[in-house]
Amino acid sequence: MSFLRFIVAIFFLISIFGVSNAHYKLSPTFYDCTCPNVIDIVRDVMEKIQRRDVRAGAKIIRLHFHDCFVNGCDGSILLDNAPGIVSEKDANPNVGAGGFEIVDEIKTALENKCPGVVSCADILTLASEIGVVLAGGPSWQVPLGRRDSLTANRSGANSDIPSPTETLAVMIPQFTRKGMDLTDLVALSGAHTFGRARCRTFNQRLFNFSGSGRPDPTIDPNYLKTLQRLCPRGGNGGTFANLDKSTPDEFDNYYFTNLKNHQGLLQTDQELFSTSGSGTIAIVANYANNQHKFFDDFVCSMIKLGNISPLTGTNGEIRKDCKRINK
């Protein structure tokens, strides 16, 4: 075989096998023929769960974010420990995370109607949108067609997911590496407009911030006293506090008003407004004054988040059980 024909053959093989999955695009109509009622099925389950657990939407959107920031939106966060799989559930940012049982309930409902069709990665993405809507937030068409990973990445979860005690200087590169900008960082942080956080995720701000022996100076004094009563020194680190003190179960822009009033719960929240000279300050102020702008940007950032390195085509699989790979 001549060198030229060899090169042509190599390019032919690449075109057939190497980039074939590039032709698969995520689309809101992906399941129109194979599971046309997928949205209704997921919504029905989410509505039922929301009635007994007001935190359902917040739990799911956290899982979706944590999933997408590690190897892309591939459902890897849902896998349990197994031979050859070191679960991301045990990574530091995911310890105590809720919502896994919600995914299982949705998956069961989908498998009853459309067995082997809808991926766990798409469940996280679609349920996140529905959870936001159920809490009064914006709706959007969710691009679908992701497939599920065959492995997990605990070390990636420990390094790539922002911890609640990060500075803005650490968070910005974490987002940039995923193709996200400052607007995405602030808009997606706005998901903390609903849900809860445990005392252990922010109590370092209350008594001995950065080893100073004093509280975080960016916390409003009255809010500080409230938090110190809820989370006393040496108290139960598992106690929950509202991420949004104003409207804790509604998806709105009060989270940003809280930041302007120095009443952000997590260090990563307040950093967005209290980091001198940061471009995030103007974005926070804009969202605090304009809920429509926040909603519009949030939708764009959620779609962008859901597009981080999905598995498509013949990559990965459609898990029958979101906790384990197929046998």
Side-chain angles (χ1 to χ4, degrees), residues 24-31 38-39 42-43 46 57-58 60-74 121-146 160-162 168 171-195 243-244 247 250-260 264 268-269 271-273 278-312:
Y24 293 89
K25 302 294 184 182
L26 301 182
S27 168
T29 62
F30 184 84
Y31 295 112
V38 58
I39 296 175
V42 177
R43 183 185 296 113
M46 284 295 291
I60 287 292
I61 204 168
R62 179 191 180 192
L63 289 182
H64 177 48
F65 176 81
H66 284 205
D67 182 44
C68 292
F69 258 52
V70 181
N71 291 2
C73 308
D74 61 1
D122 274 347
I123 288 174
L124 285 175
T125 314
L126 185 55
S128 292
E129 186 269 347
I130 291 170
V132 167
V133 172
L134 292 177
S139 64
W140 63 94
Q141 286 193 313
V142 179
L144 299 167
R146 298 164 193 80
D160 292 359
I161 300 172
L168 195 56
M171 286 192 291
I172 291 175
Q174 287 176 315
F175 274 74
T176 301
R177 286 193 292 269
K178 306 301 178 183
M180 316 289 271
D181 58 24
L182 282 185
T183 297
D184 299 315
L185 168 56
V186 180
L188 292 175
S189 295
H192 286 175
T193 187
F194 63 171
L243 284 164
D244 177 347
T247 53
E250 298 177 25
F251 198 97
D252 53 32
N253 68 331
Y254 276 96
Y255 164 83
F256 298 104
T257 302
N258 294 336
L259 299 189
K260 290 183 66 179
T268 47
D269 294 327
E271 288 267 335
L272 300 177
F273 189 75
S278 173
T280 59
I281 296 173
I283 302 173
V284 169
N286 190 8
Y287 291 165
N289 294 326
N290 188 338
Q291 180 166 278
H292 291 295
K293 176 61 174 171
F294 164 49
F295 279 9
D296 287 345
D297 285 356
F298 180 79
V299 166
C300 291
S301 294
M302 283 296 291
I303 293 173
K304 194 172 175 181
L305 173 70
N307 284 336
I308 297 177
S309 304
L311 298 175
T312 59

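The first residue of the sequence shown is numbered 1, and numbering continues consecutively from there. What you see is a predicted model; the values in this text were computed from it and never measured.
- Between Asn307 atom CG and Cys73 atom SG the span is 7.5 Å, to the nearest 0.5 Å.
- When only modelled atom types and interatomic distance are considered, Thr183 and Asp297 share no side-chain donor-acceptor pair under 3.5 Å.
- To the nearest 0.5 angstrom, Ile308 atom CD1 is 10.5 Å from Arg146 atom CZ.
- The shortest heavy-atom contact between Leu243 and Phe194 is CD1-O, 3.6 Å.
- Between the SG atom of Cys68 and the NZ atom of Lys304 there is a distance of 13.5 Å, given to the nearest 0.5 Å.
- Taking the side chain as every heavy atom from C-beta outward, Trp140 and Val132 approach each other to under 4.5 Å.
- Counting non-hydrogen atoms of other residues, nucleotides and ligands closer than 6.0 Å to OH of Tyr254 gives a total of 12 or fewer.
- No donor-acceptor distance shorter than 3.5 angstrom exists from the side chain of Asp74 to the backbone of Ala121, with no hydrogens or angles considered.
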- Query: Can you list the steps and then say if Met171 with Leu168 is a side chain to side chain contact (heavy atoms under 4.5 Å, CB included)?
  - Reply: CA-CA 5 Å; Met171 286 192 291; Leu168 195 56; 3.7 Å; yes
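- Contact between Leu26 and Pro310 at its shortest, heavy atoms only, is CD1-CG, 3.9 Å.
- With hydrogens and angles ignored, the 3.5 Å screen pairs no side-chain donor or acceptor of Asn258 with any backbone N or O of Gly264.
- Asn253 places a side-chain N or O within 3.5 Å of a backbone atom of Ala288 that can act as its donor or acceptor partner.
- A distance-only check finds no donor-acceptor pair linking the side chain of Ser189 to the backbone of Asp269 [under 3.5 Å].
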- Task: Might you work through the side chain to side chain contact (heavy atoms under 4.5 Å, CB included) test for Arg43 and Val133, ending with a clear yes or no?
- Result: CA-CA 10 Å; Arg43 183 185 296 113; Val133 172; over 6 Å; no
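- With contacts defined as side-chain heavy-atom distances shorter than 4.5 Å, the pair Leu124/His66 does not qualify.
- Separation of atoms OG1 (Thr280) and CD1 (Ile283) is listed at 6.5 Å; rounding is to 0.5 Å.
- Note that CD1 of Ile130 is 11.0 Å distant from OG1 of Thr125, once rounded to the nearest 0.5 Å.
- Judged by distance alone, with hydrogens and angles left aside, the side-chain atoms of Glu250 form no donor-acceptor pair with the main-chain N or O of Gly136 at under 3.5 Å.
- The backbone N or O of Asp181 lies less than 3.5 Å from a partner atom in the side chain of Asp184, making a donor-acceptor pair.
- A salt bridge is absent between Arg177 and Asp160; no separation between the charged side-chain nitrogens and carboxylate oxygens falls under 4.0 Å.
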- Query: Can you list the steps and then say if Val142 with Ile39 is a side chain to side chain contact (heavy atoms under 4.5 Å, CB included)?
  - Reply: CA-CA 10 Å; Val142 179; Ile39 296 175; over 6 Å; no
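- Closest approach of Phe175 and Pro162 over heavy atoms only: CE1-CG, 4.0 Å.
- A ring-ring contact (aromatic ring centres under 6.0 Å, His included) with Phe298 holds for exactly one of Tyr255, Phe251, Tyr287, Phe256; it is Phe251.
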- Task: Determine, step by step, whether Met302 and Leu305 satisfy the side chain to side chain contact (heavy atoms under 4.5 Å, CB included) criterion, reporting the C-alpha distance in whole Å, the side-chain angles of both residues, the deciding distance to 0.1 Å, and the verdict.
- Result: CA-CA 5 Å; Met302 283 296 291; Leu305 173 70; 4.1 Å; yes
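- Looking at Leu272 and Ser278, their side chains never come closer than 4.5 Å, going by heavy atoms from C-beta outward.
- Residues Gly145 and Asp122 come closest through the heavy atom pair N-OD2, 2.8 Å.
- Nearest heavy-atom pair across Pro28 and Gln141 is CG-CB, 3.9 Å.
- Scanning both residues, Ile61 and Ser128, for their nearest heavy atoms gives CA-OG, 3.5 Å.
- Atom CE of residue Met180 and atom CG of residue Leu185 lie 9.0 Å apart, to the nearest 0.5 angstrom.
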